[in-house]
Engineer: 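Can you keep this structure in mind? I'll have questions shortly.
Everything numeric in this text was worked out from a predicted model, so none of it was measured. Every chain is numbered from 1 and lettered A, B, ... according to where its sequence line falls, protein lines coming before strand lines.
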Number of protein chains: 2
Amino acid sequence: MSETSGQGGARKQGDSIAHRVPDLGALELLLAVARLGSLGAAARELGITQPAASSRIRAMERRLGLALVDRSPRGSRLTDTGALVTDWARRVVEAAEAFDAGTQALRDRRDSRLRVAASMTIAEYLLPGWLLALRAQRPDTAVSLLAGNSASVAERLVTGEADLGFVEGLDVPPGLDSAVVAHDRLIVVTAPGHPWARRRHALAAGELATTPLILREKGSGTRQVLDAALGGLARPLIELSSTTAVKAAAVGGAGPAVLSELALGEELAMRRLVSIPVEGVRLRRELRAVWPTGHRPAGPARDLLSLTRGPSPTTPPANR
Amino acid sequence: MSETSGQGGARKQGDSIAHRVPDLGALELLLAVARLGSLGAAARELGITQPAASSRIRAMERRLGLALVDRSPRGSRLTDTGALVTDWARRVVEAAEAFDAGTQALRDRRDSRLRVAASMTIAEYLLPGWLLALRAQRPDTAVSLLAGNSASVAERLVTGEADLGFVEGLDVPPGLDSAVVAHDRLIVVTAPGHPWARRRHALAAGELATTPLILREKGSGTRQVLDAALGGLARPLIELSSTTAVKAAAVGGAGPAVLSELALGEELAMRRLVSIPVEGVRLRRELRAVWPTGHRPAGPARDLLSLTRGPSPTTPPANR
DNA sequence: TCTCGCTCATAAGCCCACCTTATGCCCCCA
DNA sequence: TGGGGGCATAAGGTGGGCTTATGAGCGAGA
């Protein structure tokens, strides 16, 4: 085993995961085998021949060093480890499907039946999921996506370039009607080594306002909400133009940052960042669907809108 | 373009996403370009040549029909759409990293410095993330994973086959000490079309107990908790042996199901399932780390254990 | 009991995707 | 005014994954 030498010597950063993880086609094939209970049936579904599927699954087992499938003359079932691996594979494929839905919407600028304009945070974290759900319900709805800030979303709606918008700011741009589709909280985070991470009591609003923070640029929805909550006082330590850049700086230990909880799922779970409780500030904000006043969403826009209502009143925020 | 014909005719289910989504290597390369600001630098990091990187990025742009990178004689920066696409790509790569961490732990049975035994739900949903975090902190810790039910976890600990265990049952197996590492809730779900999905009031415990449900097999941690909460009365409509099978049956409309919230993130967000409020039952359960009485975790086991303590007291459940 | 139909495996051959090396052009800075 | 970043193009090799063709195990029905 272990064709790649230097296994014990701690990954020297080369050997990207692409060499250790089967490609998406193989993972998809594995899911099909799990669902259909037969290599041949899975092959048929994916439009390849049975020997191709057989060899591909075998190659995957060899690469992983794990027996995934129990073959028998009456079909194939997953082994126990195969079931576990398949569950992990499903996550990868689902992320790929979201990627596909998102890029497809970005691409289809023209001749789409539904043109959506969304602010960055929503486009990044929520829209791909919504688009997948919409595709599941109305497979023939072609959707196009324009991402920008709140102002550009509003402009695109009033000029008729978009049918439905999503914004995350504090106030609804003039000329638009809106409906709340989700809630979001801003969270103060630091690297685990930061002194704030060891505090025993919540941070006071005043302290937050007087401490230089890693922030999104002025004008971003996130910054807008924070400034309003603190009374326009947020002091920037650095200003960065993307959520990702802010996260990276915070993980690197540059200082405390303020970010949407939507952006922080993974980082908090893996303790790359820790959340700092704050009291005396309202960092909750609403994510809204918007449309030109009077033009109530109809057709595809209405379908999408009806998908975005919170899953259920009693369900937790269901971030991610 | 579009070598594969039948592009316009609405996806006929063939044409798997693997054909529409760049492979993991390309996505990883895109992330490196985003981080390093140069195709050549990204190529170097991944151990390929600059022309290879250049052509691969170009091929990806062509396939997606999107301009992702702004090339200049002084380096390359992401375009706006490129930044968005990169964020989506990061999800795919992170899922692949979790897959890698998980399969690697399954493979390395022998000669591992830390041998973990975990119940299925925890192995499926939480462990890969913990393993990634551990790898980030202690890169040279080789971990092996054994997945099974609570009883087998306990057995492996007392026989010395495993150093640290994770269980989800109600009670700690005898002979083991434990610490709570996370909480979990069981949620009643149905397909959106089910009558329960239109209820205006919470379901009474009695009604839940008398309705046939899609359930995991007797003996699973999930079933155990539900039986206890209802007083041993849960009536099975079907019994299935995996969380995934239960989900699939529920999505298909077979009836109401009871599942861990850990398993339901995606399905609830995309409204393939809706959660049904229930009152008068305590469906919360604790996920615990366990080890042989007296043998307090030390070394790598302690490192892993310290990672699994909830991110922070004020953070919401942060379900995956 | 034979045979058909399903399953999976193996072998031989083709082809494309991706890599490499070898260039060239552009721009900035010392 | 070179040198050293950056990127693109061209030509050539190689391997992974596909196909077709075939064989072998097992079960159900005639």
Engineer: Between A:P51 and A:P73, who's closer to the 5' end of DNA chain D by nearest nucleotide?
Structural biologist: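 Looking at the nearest nucleotide for each, A:P51 comes out on the 5' side.
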Engineer: Name the nucleic acid region contacted by A:R77, choosing base, sugar-phosphate or nothing; use a 4.0 angstrom heavy-atom cut-off, strictly under.
Structural biologist: nothing
Engineer: To the nearest angstrom, how far is B:R71 atom CZ from D:dG6 atom P?
Structural biologist: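 Spelled out: CZ on B:R71 to P on D:dG6 is 15 Å.
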Engineer: Before giving the answer on salt bridge (Lys or Arg N to Asp or Glu O under 4.0 Å), spell out for A:R216 and A:E239 the whole-Å C-alpha distance, their side-chain angles and the decisive distance to 0.1 Å.
Structural biologist: CA-CA 5 Å; A:R216 285 285 303 278; A:E239 289 190 343; over 6 Å; no
Engineer: What is the distance, rounded to the nearest whole Å, between atom CD1 of A:I48 and atom P of C:dC8?
Structural biologist: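 The answer, rounded to whole Å, is 12 Å.
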Engineer: Using whole Å, report how far CZ of A:R62 lies from C1' of C:dT10.
Structural biologist: 14 Å
Engineer: Is B:T49 close enough to C:dC19 that one of its side-chain N or O atoms is under 4.0 Å from OP1 or OP2 there?
Structural biologist: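 Checking B:T49 against C:dC19: no side-chain N or O falls below 4.0 Å of OP1 or OP2.
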Engineer: Distance check needed: D:dG17 C1' versus B:H19 NE2, whole Å only.
Structural biologist: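 Atom NE2 in B:H19 sits about 11 Å away from atom C1' in D:dG17.
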Engineer: Check whether any side-chain nitrogen or oxygen of A:S38 sits under 4.0 Å from OP1 or OP2 of C:dT7, and answer yes or no.
Structural biologist: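 So the side chain of A:S38 is within the cut-off, an N or O lying under 4.0 Å from OP1 or OP2 of C:dT7.
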Engineer: Both A:Q50 and B:G75 contact DNA chain D. Which one's nearest nucleotide lies toward the 5' end?
Structural biologist: B:G75
Engineer: If the cut-off is 4.0 Å, is B:S54 near the phosphate of D:dT9, judged by side-chain N/O to OP1 or OP2?
Structural biologist: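 No, no such contact exists.
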Engineer: Whole angstroms only, please: what is the CD1-P distance between B:I57 and D:dC7?
Structural biologist: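 The distance from CD1 of B:I57 to P of D:dC7 comes to 10 Å, rounded to the nearest Å.
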Engineer: Decide, yes or no, whether a salt bridge links A:E217 with A:R223 under the criterion of side-chain N to carboxylate O below 4.0 Å.
Structural biologist: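 Answer for the salt bridge query: no.
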Engineer: Keeping B:T103 on the side-chain end and B:F99 on the backbone end, is there a donor-acceptor pair under 3.5 Å?
Structural biologist: yes
Engineer: Please classify the nucleic acid contact of A:S72 as base, sugar-phosphate, or nothing, using heavy-atom distances under 4.0 Å.
Structural biologist: sugar-phosphate
Engineer: Closest-nucleotide mapping onto DNA chain C: is B:S55 or A:G40 further toward the 5' terminus? I mean the 5' end.
Structural biologist: A:G40
Engineer: Using a heavy-atom cut-off of 4.0 Å across all strands, would you classify B:D70 as base, sugar-phosphate, or nothing?
Structural biologist: nothing
Engineer: Salt bridge or not for B:R135 and B:D100, using N-O below 4.0 Å?
Structural biologist: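 A salt bridge links B:R135 with B:D100.
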Engineer: Return the value, rounded to whole Å, for the distance between atom CG of A:L46 and atom P of D:dG17.
Structural biologist: 14 Å
Engineer: For A:L68, is there any backbone N or O sitting under 3.5 Å from a side-chain donor or acceptor partner on A:T79?
Structural biologist: yes
Engineer: Kindly say if B:R63 contacts the phosphate of C:dA17, meaning a side-chain N or O under 4.0 Å from OP1 or OP2.
Structural biologist: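 No, because none of the side-chain N or O atoms of B:R63 sits under 4.0 Å from OP1 or OP2 of C:dA17.
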Engineer: Could you give the CE-to-P distance, from A:M60 to D:dC18, as a whole number of Å?
Structural biologist: 11 Å
Engineer: Let me know the distance between CD of B:E61 and P of D:dC7, rounded to the nearest Å.
Structural biologist: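 Computing the B:E61:CD to D:dC7:P distance gives 12 Å.
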Engineer: Less than 4.0 angstrom between a side-chain N/O of A:S76 and OP1 or OP2 of C:dT7, yes or no?
Structural biologist: no
Engineer: Do A:E61 and A:L66 come within less than 4.5 Å of each other through their side chains, counting heavy atoms only?
Structural biologist: no
Engineer: Taking 4.0 Å as the cut-off, does a side-chain nitrogen or oxygen of A:R58 come that near to OP1 or OP2 on C:dA9?
Structural biologist: yes
Engineer: Give a yes/no on whether any side-chain N or O of B:R56 is located under 4.0 angstrom from OP1 or OP2 of D:dC7.
Structural biologist: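 Answer is no, no contact under 4.0 Å.
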